[in-house]
Amino acid sequence: MDFQILILLIRVISQLFIWIVIASSLLSFFVSPYHPVREALDRIVSPFLDPIRRVVPLAGSMDFSPLVLILAIDFISRILIAILISLS
């Protein structure tokens with residue numbers, strides 16, 4: 001069975017979600033928390049960041065949870081793609 005479409009779908013979704021996390025993080029510096037765009041991005045990203053924030057402590061005023069989430073997304077997508085490649 002050819003898993004190329006599924007592999008492409010995993011890559012696209014993971015990259016899209018990584019860019020959403022980056023946009024949400026950058027907008028938190030410049031845009032009010034009540035801005036509609038920021039609220040929408042926060043609704044998407046917060047369910048994934050909140051558990052990480054409970055585990056990863058703040059380093060001064062820096063929040064490294066978006067970086068941890070990006071690394072986790074990349075790691076999981078690479079594992080899924082490797083599994084699909086090995087099955088084909």
Side-chain angles (χ1 to χ4, degrees):
M1 188 184 309
D2 191 26
F3 294 110
Q4 294 301 319
I5 293 174
L6 191 54
I7 291 171
L8 179 65
L9 185 65
I10 291 170
R11 285 185 178 148
V12 167
I13 290 172
S14 65
Q15 287 299 310
L16 178 65
F17 195 64
I18 287 172
W19 282 110
I20 290 172
V21 172
I22 292 170
S24 175
S25 298
L26 289 176
L27 285 178
S28 70
F29 289 108
F30 304 110
V31 179
S32 165
Y34 304 107
H35 191 278
V37 173
R38 182 157 171 220
E39 283 182 345
L41 291 177
D42 284 346
R43 274 192 233 114
I44 295 169
V45 175
S46 287
F48 299 98
L49 285 178
D50 290 341
I52 297 171
R53 285 185 176 135
R54 284 187 224 116
V55 176
V56 178
L58 290 176
S61 63
M62 295 297 295
D63 181 15
F64 288 107
S65 58
L67 177 62
V68 173
L69 181 59
I70 289 170
L71 293 173
I73 293 167
D74 188 54
F75 180 72
I76 292 168
S77 68
R78 287 176 187 260
I79 287 176
L80 289 174
I81 290 170
I83 290 170
L84 290 174
I85 288 174
S86 69
L87 291 176
S88 59

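These figures come from a predicted structure and were not determined experimentally.
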Do [X] and [Y] belong to the same hydrophobic cluster, where Ile, Leu, Val, Met, Phe, Trp and Tyr are linked whenever their side-chain heavy atoms lie under 4.5 Å apart, directly or via other members?
{"X": "L87", "Y": "I10", "result": "yes"}
{"X": "L49", "Y": "W19", "result": "yes"}
{"X": "F29", "Y": "L58", "result": "no"}
{"X": "V45", "Y": "V37", "result": "yes"}
{"X": "I83", "Y": "F3", "result": "yes"}

- Any chance CD1 of I79 has more than 12 other-residue heavy atoms, nucleotides or ligands included, within less than 6.0 Å? yes
What's the spacing between [X] [atom1] and [Y] [atom2] if we round to 0.5 Å?
{"X": "I5", "Y": "L84", "atom1": "CD1", "atom2": "CG", "answer": "12.5 Å"}
{"X": "I20", "Y": "I13", "atom1": "CD1", "atom2": "CD1", "answer": "10.5 Å"}
{"X": "I52", "Y": "F64", "atom1": "CD1", "atom2": "CZ", "answer": "14.0 Å"}
{"X": "S25", "Y": "D63", "atom1": "OG", "atom2": "CG", "answer": "7.5 Å"}
{"X": "I22", "Y": "L27", "atom1": "CD1", "atom2": "CG", "answer": "12.0 Å"}
{"X": "L9", "Y": "L80", "atom1": "CG", "atom2": "CG", "answer": "11.0 Å"}

- Using a distance-only test with no angle check, is there a side-chain donor-acceptor pair under 3.5 angstrom linking D74 and S14? no
- Message: Check this for me, if you would: do D42 and R38 make a salt bridge, where the nitrogen-to-carboxylate-oxygen distance has to be below 4.0 angstrom?
- Response: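 A salt bridge is present here (some side-chain N lies under 4.0 Å from a carboxylate O).
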Compare every heavy atom of [Y] with every heavy atom of [X], then report the nearest pair and how far apart it is.
{"X": "E39", "Y": "P33", "answer": "CG-O, 3.3 Å"}
{"X": "V31", "Y": "H35", "answer": "CG1-CB, 3.2 Å"}
{"X": "P51", "Y": "S46", "answer": "CD-O, 4.5 Å"}
{"X": "I81", "Y": "R11", "answer": "CD1-CG, 3.4 Å"}

- Query: side-chain contact (heavy atoms from CB on, under 4.5 Å) with V21: which of I44, L67, L69, L41?
  - Reply: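 That would be L69; it is the only one of I44, L67, L69, L41 passing the side-chain contact (heavy atoms from CB on, under 4.5 Å) with V21.
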- Item | Intermediate values then yes/no, side chain to side chain contact (heavy atoms under 4.5 Å, CB included), D50 and R54 | CA-CA 6 Å; D50 290 341; R54 284 187 224 116; 4.1 Å; yes
